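Below, read A as the first sequence line, B as the second, and so on, with proteins coming before strands; counting in each chain starts at 1. Since we're looking at a predicted model, the values are computed, not measured.
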2 protein chains.
Amino acid sequence: MDERVPRDFETLRATILDRRASLPKRIAQIAAYALDNPDDIAFGTAASIAASAGVQPSTLIRFAQQLGFDGFTSLQQVFRERLRERNSSYDERLAALRAKAEEGAGHRAIFDGFVAAASTSLSDISRSLNDAHFEEAIALLAKAETIYVLAKRRSYPVASYIAYALGKLKIRNQLVESAAGLNAEMIGFATPRDAVIAISFSPYAPATIEETRAIAEQGVPIVAITDSSFSPLAQFAKVWFEVAEADFGGFRSISATMALAMALTVAVGEKRREAGRRRKG
Amino acid sequence: MDERVPRDFETLRATILDRRASLPKRIAQIAAYALDNPDDIAFGTAASIAASAGVQPSTLIRFAQQLGFDGFTSLQQVFRERLRERNSSYDERLAALRAKAEEGAGHRAIFDGFVAAASTSLSDISRSLNDAHFEEAIALLAKAETIYVLAKRRSYPVASYIAYALGKLKIRNQLVESAAGLNAEMIGFATPRDAVIAISFSPYAPATIEETRAIAEQGVPIVAITDSSFSPLAQFAKVWFEVAEADFGGFRSISATMALAMALTVAVGEKRREAGRRRKG
DNA sequence: GTCAATATGAAATATTAATTCCAATCCGTA
DNA sequence: TACGGATTGGAATTAATATTTCATATTGAC
């Protein structure tokens with residue numbers, strides 16, 4: 001290995017892009033693959049990578065040698081180092097934010113704490129959301145005549161956002177909140193051709209549970225957003241989502257719930273447009 | 001490998017912590033090392049890891065087997081998968097999410113788009129929040145007798161959350177929303193010893209602007225959350241925050257605004273408790 | 001079109017690493 | 001303290017993986 005072998009990923013990347021034009025076909029093929037799938041290079045074996053890229057293992061080694069490495073193994077080190085660094089920097093950043101927040105370093109720390117909680121919640125839900133459930137919920141809501149939205153207390157802001165967004169999308173909806181105490185009557189109008197989005201987290205607001213039960217008994221299908229399979233909402237729901245929100249200082253984030261709610265709403269709008277086009281065309 | 005082998009890192013971690021007490025000495029040693037240095041497990045060889053942890057390679061394999069894996073290699077997969085998922089830096093991951101979302105790959109893409117928008121917004125505000133303004137806003141709100149909360153339409157969910165949180169913290173507040181059309185009268189009660197949190201983004205809801213103007217003319221100090229220095233709210237406010245929310249599919253995120261609102265609220269509660277202690281002590 | 005240089009594929013080989021095995025040690029119990 | 005089972009260390013074995021080699025194909029120059 002001579003002295004100008006790229007040691008870090010960025011240099012390596014630049015080197016590859018630089019020489020791209022002058023590389024033989026198969027080597028170029030591997031080069032492109034490497035830049036597109038750096039993770040595969042980091043973790044794969046020479047054989048598996050070669051197969052994925054559609055070349056022979058020996059080509060992979062030639063590629064490494066052409067870049068000045070003495071073999072595939074040393075090339076791979078660069079790709080691994082990259083993952084290590086990136087990962088630690090991300091982790092470190094969040095951890096630092098949270099650590100600072102938790103040791104209580106003034107008001108800025110409170111802010112950092114909420115940002116960290118929100119980020120964590122988002123990243124959790126992004127991993128854990130079940131695609132099939134999501135599709136099912138969309139289908140169910142898209143064919144509803146009226147969507148009833150049900151949530152109190154901490155979840156109420158989410159409900160009010162859903163109602164706002166559905167309104168913008170011209171989807172008929174009813175936020176179940178009556179200053180005049182007419183919630184029960186409002187719910188009474190719902191039919192099995194409608195649908196409900198119910199949101200509640202522990203400690204579950206009794207009114208939400210009661211209203212959800214009542215509306216479920218009328219045969220109205222329910223999509224629930226809640227925090228565990230033991231949630232009383234889960235038993236009434238056709239589809240339910242488990243959303244784990246991180247908390248800070250006793251206040252739980254609602255960013256993941258909010259993101260899910262926005263996505264549901266817009267996806268329902270989307271689905272209705274598709275259905276509309278199909279009917280017409 | 002039986003059916004309850006941990007497949008993801010978090011489950012694995014929980015399993016290890018759970019059994020920790022009952023593990024033999026050397027196995028426990030490896031277990032601790034694994035949780036402390038997950039990256040080393042992901043990248044190292046059985047021999048190198050064993051050496052770093054101060055045990056024999058065979059112990060490492062026994063550890064894996066005790067967890068239900070059929071060998072070190074399958075245990076290592078979990079640690080590698082973790083790196084892959086957390087993968088690229090924050091930015092890169094976001095870019096990937098957004099790219100996928102924008103090429104319109106179905107409903108899941110919509111969800112990913114909203115998660116990406118929320119994450120971006122959070123990371124932006126985390127960088128751009130001005131500490132001095134933040135402290136100033138907290139001071140101003142902490143000494144208010146009543147905090148009036150003013151927001152319509154898209155910002156309304158944030159306002160309702162603030163009202164909820166202030167209530168939980170036993171801070172007197174008034175959400176300016178009257179079904180009976182009595183907002184003007186409600187605002188009329190505010191005095192310079194009170195304070196206002198006003199939230200509005202372009203296109204600014206005329207009612208919010210009008211009410212903010214009215215309450216400002218009564219000499220009530222205003223903290224505004226808005227989206228640019230040209231915002232009509234900025235001119236009325238004692239302190240104002242510029243929050244840039246990313247959007248997806250025409251719907252802007254509110255996660256950054258929400259995080260700021262939560263932080264403001266809790267910080268105000270905190271400051272009041274401090275002040276209370278000082279007065280008593 | 002022919003030749004030489006270069007590139008490629010496939011299998012053989014060398015290397016490295018994971019796993020197994022067995023003897024030695026430790027630990028709790030009678 | 002003697003026994004048995006569990007745990008550990010270390011070497012032997014086996015599996016896997018990278019690398020090399022060599023025959024074949026491709027490309028470009030004359």
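- A:Lys25 places its NZ atom 8 Å from the P atom of C:dT8, with the value rounded to the nearest Å.
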* Stepwise side chain to side chain donor-acceptor pair (under 3.5 Å) check, A:Arg80 with A:Gln77 -> CA-CA 5 Å; A:Arg80 292 188 165 183; A:Gln77 291 313 321; 5.3 Å; no
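- Residues in residues 8-33 of chain B take part in these ring pair (Phe, Tyr, Trp, His ring centres under 6.0 Å) pairs, two or more places apart or across chains: B:Phe9-B:Phe79.
- Residue contacts shown for A:Leu60 are absent, as no nucleic acid heavy atom lies under 4.0 Å away.
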* To do: Dump the intermediate steps for side chain to side chain donor-acceptor pair (under 3.5 Å) on B:His107 and A:Glu135, then the final yes or no.
  => CA-CA 7 Å; B:His107 293 137; A:Glu135 288 299 332; 2.9 Å; yes
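- Remark: B:Phe43 engages A:Phe43 in a ring pair (Phe, Tyr, Trp, His ring centres under 6.0 Å) (not counting sequence neighbours).
- Atom CD1 in B:Ile27 sits roughly 9 Å away from atom C1' in D:dT8 (whole-Å rounding).
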* Derivation and outcome, side chain to side chain donor-acceptor pair (under 3.5 Å), residues A:Thr257 and A:Glu245 -> CA-CA 8 Å; A:Thr257 312; A:Glu245 296 273 10; 2.6 Å; yes
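- Note: CG (B:Leu23) to C1' (D:dA6) measures 14 Å, nearest angstrom.
- Computed from coordinates, the B:Phe43 CZ to C:dA17 P distance equals 16 Å when rounded to whole Å.
- In this structure, the CZ atom of A:Phe63 is 19 Å from the C1' atom of C:dG9, given to the nearest Å.
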* Structure fact -> B/S/- along nucleotides 9-22 of chain D (protein heavy atoms under 4.0 Å) is BB------SSBBB-
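- Put simply, the side chain of A:Thr226 gets close to the backbone of A:Ser200: a donor and an acceptor are under 3.5 Å apart.
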